[in-house]
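Report on one structure; see the data block that follows.
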Amino acid sequence: SKNKNKMTKSNANERNIVIPGEVMFEGEDYLPGEGTEKREDKIVAIKYGLAEESNKLVKVIALSGVYQPRRGNVVIGKVENITFYGWQIDIDSAEGAFLPLQEVPGFVSKEELAEVMDIGDMVAAKIIGVSGRGVDLTIKLRGLGRIDDGLIIKVNSNKVPRVIGKEGSMISLIKEESNCNVTVGQNGLIWIKGETIEEELLVKRAIEFITERSFSSGLTEEVKKWFEKEKKENKEGKK
């Protein structure tokens, strides 16, 4: 039979990321499982994720946007609760996160926690530890702390690397073109702070443009062109 295996054989446990429409296997022997469908004698991915084949059953394991916390990540979260020892923060992950009192700059008395940050406040923080108990955060570094102004948007956390770009190339371009300060949380929340709401919304649209095209190559160039076009239209619109 002319079974052609599209997946690389280099390493049996190495999984390939597939995108919708991608042919995963060819040949009559394979059966379509979750996240795939059969088109003639081909098994085609219908969702984005990791390709997996066992006993001729082919499926796509969704890389759902559930964020996996890692030490050193900057995240953006929401204060959910205040305890005697600090703040419980929702960072959109399976585990809860906690910002202890001693990880806040300056002295805070235990009676004044809500004045530093109250329930419902948004905060940019860094993960200093991940353990069985959960995630520990700090806001003792520059650029971290309570978020009082600007715009916060949410993208799927697996799109974050595209928004940042290789060695930060994409995020540098966005900041340069928009005059905004942009803090990208690894958990998919992004804080945009500009002089005007127009600048902030420009960044929001740029990020939407990137996440919609996160599979194309040469994306940085495309985004450059997109900014040029947007700015030109803005100027013409203002005349």
Side-chain angles (χ1 to χ4, degrees), residues 17-22 45 47-49 63-70 72-79 89-93 117 120-127 139 141-239:
I17 288 184
V18 290
I19 61 174
E22 192 172 326
K47 65 182 182 191
Y48 172 74
L63 278 174
S64 70
V66 178
Y67 166 65
Q68 300 283 321
R70 287 193 174 74
N73 281 177
V74 168
V75 291
I76 290 170
K78 190 178 201 170
V79 179
I89 315 278
D90 176 11
I91 57 165
D92 248 4
S93 67
M117 270 190 310
D121 282 348
M122 300 298 290
V123 59
K126 191 171 194 170
I127 296 179
I139 58 169
L141 301 154
R142 222 180 113 231
L144 302 178
R146 189 174 76 186
I147 297 173
D148 290 322
D149 44 14
L151 193 63
I152 293 175
I153 64 167
K154 170 95 180 103
V155 303
N156 195 314
S157 62
N158 57 35
K159 306 267 189 182
V160 164
R162 282 306 245 173
V163 176
I164 294 171
K166 280 199 185 78
E167 275 133 39
S169 54
M170 188 71 87
I171 198 69
S172 300
L173 174 70
I174 295 171
K175 288 175 178 175
E176 225 164 88
E177 291 283 352
S178 66
N179 303 319
C180 287
N181 197 2
V182 187
T183 304
V184 180
Q186 291 291 332
N187 59 336
L189 286 156
I190 301 171
W191 173 29
I192 306 161
K193 172 80 183 88
E195 294 290 317
T196 64
I197 185 74
E198 284 80 25
E199 289 173 348
E200 292 169 356
L201 291 170
L202 181 68
V203 174
K204 178 179 191 259
R205 291 204 306 279
I207 290 169
E208 281 162 2
F209 179 89
I210 293 161
T211 54
E212 279 159 22
R213 286 163 189 74
S214 59
F215 299 116
S216 47
S217 52
L219 194 53
T220 314
E221 278 309 305
E222 265 189 69
V223 173
K224 247 182 213 156
K225 287 184 188 129
W226 180 89
F227 269 115
E228 278 163 28
K229 191 170 142 285
E230 286 284 315
K231 287 179 166 175
K232 203 168 147 224
E233 282 170 15
N234 271 355
K235 274 201 187 109
E236 281 162 12
K238 281 189 175 135
K239 273 178 191 165

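Because only heavy atoms are used, hydrogens play no part in the values below, and waters and symmetry mates are left out as well, while side chains stay in. Position 1 is the first residue of the sequence; numbering continues from there.
No salt bridge links Glu228 with Lys224; every basic N to acidic carboxylate O contact stays at or beyond 4.0 Å. Glu233 and Lys229 are joined by a salt bridge, as a carboxylate oxygen and a charged side-chain nitrogen come within less than 4.0 angstrom of each other.
Between Gln68 and Asn73, the shortest heavy-atom distance links the atoms O-OD1, 4.3 Å. The minimum heavy-atom distance linking Ser157 with Gln186 is given by the pair CB-O, 3.6 Å. The minimum heavy-atom distance linking Trp226 with Leu202 is given by the pair CH2-O, 3.6 Å. The two residues Asp92 and Lys154 come nearest to each other via the heavy atoms OD2-CE, 2.8 Å. Ala45 approaches Ile19 most closely through the heavy-atom pair CB-O, 3.6 Å. Of all the heavy atoms in Ile190 and Val182, the pair that sits closest is CG2-CG1, 3.6 Å.
Residue Val184 forms a side chain to side chain contact (heavy atoms under 4.5 Å, CB included) with just one option from Ile174, Ile192, Ile164, and that option is Ile164.
Atom CZ of residue Arg162 and atom OG1 of residue Thr211 lie 11.0 Å apart, to the nearest 0.5 angstrom. We find the OG-CD distance between Ser178 and Glu198 to be 13.0 Å, quoted to the nearest 0.5 Å. The structure places NZ of Lys235 at 10.5 Å from NZ of Lys232, a figure rounded to the nearest 0.5 Å. Here the CD1 atom belonging to Ile207 is positioned 4.0 Å from the CD1 atom belonging to Ile153, to the nearest 0.5 angstrom. Here Phe209 contributes atom CZ and Leu219 contributes atom CG; the two are 6.5 Å apart, rounded to the nearest 0.5 Å. In this structure, CG in Asn179 is found 12.0 Å from CD in Glu200, a value given to the nearest 0.5 Å.
The side chain to side chain donor-acceptor pair (under 3.5 Å) test applied to Arg146 returns Asp148, not counting sequence neighbours. In this structure Arg205 satisfies the side chain to side chain donor-acceptor pair (under 3.5 Å) test together with Glu230, sequence neighbours excluded.
Looking only at distances, a side-chain donor or acceptor of Asn187 sits under 3.5 Å from a matching main-chain atom of Ile91. With hydrogens and angles disregarded, a donor-acceptor distance shorter than 3.5 Å links the side chain of Glu199 to the backbone of Glu195. Side-chain N or O atoms of Trp191 include none that pairs as donor or acceptor with a backbone N or O of Val123 at under 3.5 Å. The main-chain N or O of Asn158 is found under 3.5 Å from a side-chain atom of Asn156 such that the two form a donor-acceptor pair.
You'll find the side chain of Lys204 reaches within 4.5 Å of the side chain of Leu201, heavy atoms only. Between Lys175 and Ile171, some side-chain heavy-atom pair lies under the 4.5 Å cut-off.
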Please step through side-chain contact (heavy atoms from CB on, under 4.5 Å) for the pair Ile76 and Met122, ending with a clear verdict. CA-CA 7 Å; Ile76 290 170; Met122 300 298 290; 4.0 Å; yes
What's the verdict on side-chain contact (heavy atoms from CB on, under 4.5 Å) for Tyr67 and Val160, showing C-alpha distance, side-chain angles and the deciding distance? CA-CA 11 Å; Tyr67 166 65; Val160 164; over 6 Å; no
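In this structure, Lys78 places its NZ atom where only 12 or fewer heavy-atom neighbours from other residues, nucleotides or ligands lie under 6.0 Å away. Other residues, nucleotides and ligands place more than 12 heavy atoms under 6.0 Å from the NZ atom of Lys193.
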